Amino acid sequence: MGHTVITIARQYGSGGKTIGKMLAEDLGIHFYNREILRMASDESGINEQLFGQVDERVKTNLLYRIAKRIRNEEVLPPDSDDFLSTNNLFNYQAKVIRQLADEESCVIIGRCADYVLQDYDNVVSVFIHGPYDFCLEQAMKVNAKSESEMRKYMEKRDKYRGEYYKYYTGKDWFDARNYHLCLDSSKLGFDGCVEAIKAYMKVRGLSV
């Protein structure tokens, strides 16, 4: 294909978003995070705020239990009763992610992009993680919260990310088998993670 998409899932405080930005800048390619929501809004005509509300809302355990594992991945038309459903909003995001993977090299943060693009040969899926104390220290550097508040917030964010991933993929977010590369940012540092991803791309024969 001549281009590569790097998807990054990340534990809160591990620096995954920063590493993704650094990698995109190093490779001279686009970086996509919440921009996916705007693009899905443009694609569907659905207000971007609705995508954001679904994205941010931590769903109840009951909702996860009744969620169907097998989803219709086709986007629904505006006259459908389920046009504004959670699944349809996700499907529009997935459509945008696939379009990006077809068209350009880029870095995509979160959004279950590793799962959406699992059948693509030009994708490198990465999970960035780190020990709890390291992630807490990193998070405290950029947030004006007390340590106890930050501990609760970290737990809430990682729980949400895990549940969001489980809801849409049926898989465990922390399972290394979902990713090509799992990197401990406390051991490698942010620059080291960037270099490790580039080295992996080279071994795979992938270029941008």
Side-chain angles (χ1 to χ4, degrees), residues 1-10 16-17 20-21 23-24 27-59 63-64 66-128 160-173 175 177-181 197 201 204 206-208:
M1 286 187 177
H3 62 271
T4 303
V5 176
I6 302 97
T7 69
I8 297 182
R10 78 286 188 209
K17 185 167 73 171
K21 285 182 177 178
L23 177 66
L27 296 174
I29 60 180
H30 285 121
F31 169 88
Y32 294 104
N33 183 17
R34 294 188 65 84
E35 294 83 358
I36 300 288
L37 302 183
R38 177 185 55 76
M39 296 165 78
S41 173
D42 291 345
E43 176 77 26
S44 63
I46 298 170
N47 190 305
E48 185 179 341
Q49 283 188 317
L50 288 176
F51 284 97
Q53 286 165 10
V54 169
D55 192 53
E56 295 299 329
R57 189 171 62 241
V58 179
K59 302 166 189 68
L63 178 57
Y64 283 95
I66 64 174
K68 295 176 182 175
R69 285 291 177 81
I70 300 172
R71 295 182 302 103
N72 174 16
E73 296 193 352
E74 294 299 314
V75 294
L76 300 173
D79 59 358
S80 167
D81 290 341
D82 292 325
F83 183 58
L84 297 179
S85 68
T86 302
N87 280 351
N88 199 43
L89 293 175
F90 178 82
N91 287 343
Y92 268 108
Q93 291 184 58
K95 182 180 180 183
V96 167
I97 288 168
R98 285 190 287 266
Q99 287 173 343
L100 290 172
D102 289 335
E103 294 169 3
E104 63 171 285
S105 292
C106 59
V107 175
I108 301 175
I109 299 291
R111 315 283 156 212
C112 302
D114 58 280
Y115 175 78
V116 172
L117 301 178
Q118 61 184 328
D119 295 328
Y120 281 63
D121 293 329
N122 64 324
V123 169
V124 175
S125 59
V126 182
F127 187 81
I128 306 288
Y160 169 70
R161 288 174 180 175
E163 289 179 341
Y164 183 92
Y165 192 87
K166 183 82 170 181
Y167 179 67
Y168 288 114
T169 72
K171 297 182 178 183
D172 183 356
W173 182 57
D175 191 338
R177 291 171 296 183
N178 297 330
Y179 312 98
H180 301 134
L181 206 56
I197 296 168
M201 289 171 60
R204 284 267 305 270
L206 297 170
S207 63
V208 297

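One-based numbering along the sequence shown. Treat the numbers as computed from the prediction; the structure is a model and nothing was measured.
- Under a 3.5 Å cut-off, the side chain of Asn122 and the backbone N or O of Leu206 do not form any donor-acceptor pair.
- In this pair, Tyr32 and His30 present their aromatic rings tilted. The plane angle is within the 30 to 60° band.
- Contact check on Asp42 versus Arg38 returns a salt bridge, with a Lys/Arg side-chain nitrogen under 4.0 Å from an Asp/Glu carboxylate oxygen.
- A donor-acceptor pair under 3.5 Å is absent between the side-chain atoms of Gln93 and the main chain of Asn91, judged by distance alone.
- The two atoms that bring Leu100 and Cys106 nearest to each other are CB-SG, 4.3 Å, heavy atoms only.
- A pairwise comparison of heavy atoms in Asn178 and Asp114 identifies O-OD2, 3.9 Å as the closest pair.
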Run Thr4 and Arg204 through side chain to side chain contact (heavy atoms under 4.5 Å, CB included) and show every step you take. CA-CA 11 Å; Thr4 303; Arg204 284 267 305 270; over 6 Å; no
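- Taking each heavy atom of Ser207 and Ser105 in turn, the nearest pair found is O-OG, 4.2 Å.
- Closest of all the heavy-atom pairs between Arg98 and Val116 is NH1-CG1, 3.6 Å.
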List the steps, then state whether side chain to side chain contact (heavy atoms under 4.5 Å, CB included) holds for Gln99 with Met39. CA-CA 11 Å; Gln99 287 173 343; Met39 296 165 78; over 6 Å; no
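- Minimum heavy-atom separation, His180 to Val123: CE1-O, 3.2 Å.
- By the 4.5 Å heavy-atom criterion applied to side chains, Val96 and Arg111 are not counted as neighbours.
- In this structure, SG in Cys112 is found 8.0 Å from OH in Tyr168, a value given to the nearest 0.5 Å.
- Between the CD1 atom in Ile97 and the CZ atom in Phe90 there is a gap of 6.5 Å [rounded to 0.5 Å].
- Side-chain contact check for Ile29 versus His3: every heavy-atom pair is 4.5 Å or farther apart.
- Note: Tyr165 and Tyr179 have tilted aromatic rings, judged against thresholds of 30 and 60 degrees for the angle between ring planes.
- Listed here is the closest heavy atom pair of Leu89 and Leu50: CD1-O, 4.0 Å.
- A 4.5 Å side-chain heavy-atom check between Asn33 and Lys21 finds every atom pair outside the cut-off.
- Here CG of Leu181 is found 10.5 Å from OG1 of Thr7. Values are rounded to the nearest 0.5 Å.
- Side-chain contact check for Tyr120 versus Asp102: some heavy-atom pair is nearer than 4.5 Å.
- Between Arg10 and Ile109, some side-chain heavy-atom pair lies under the 4.5 Å cut-off.
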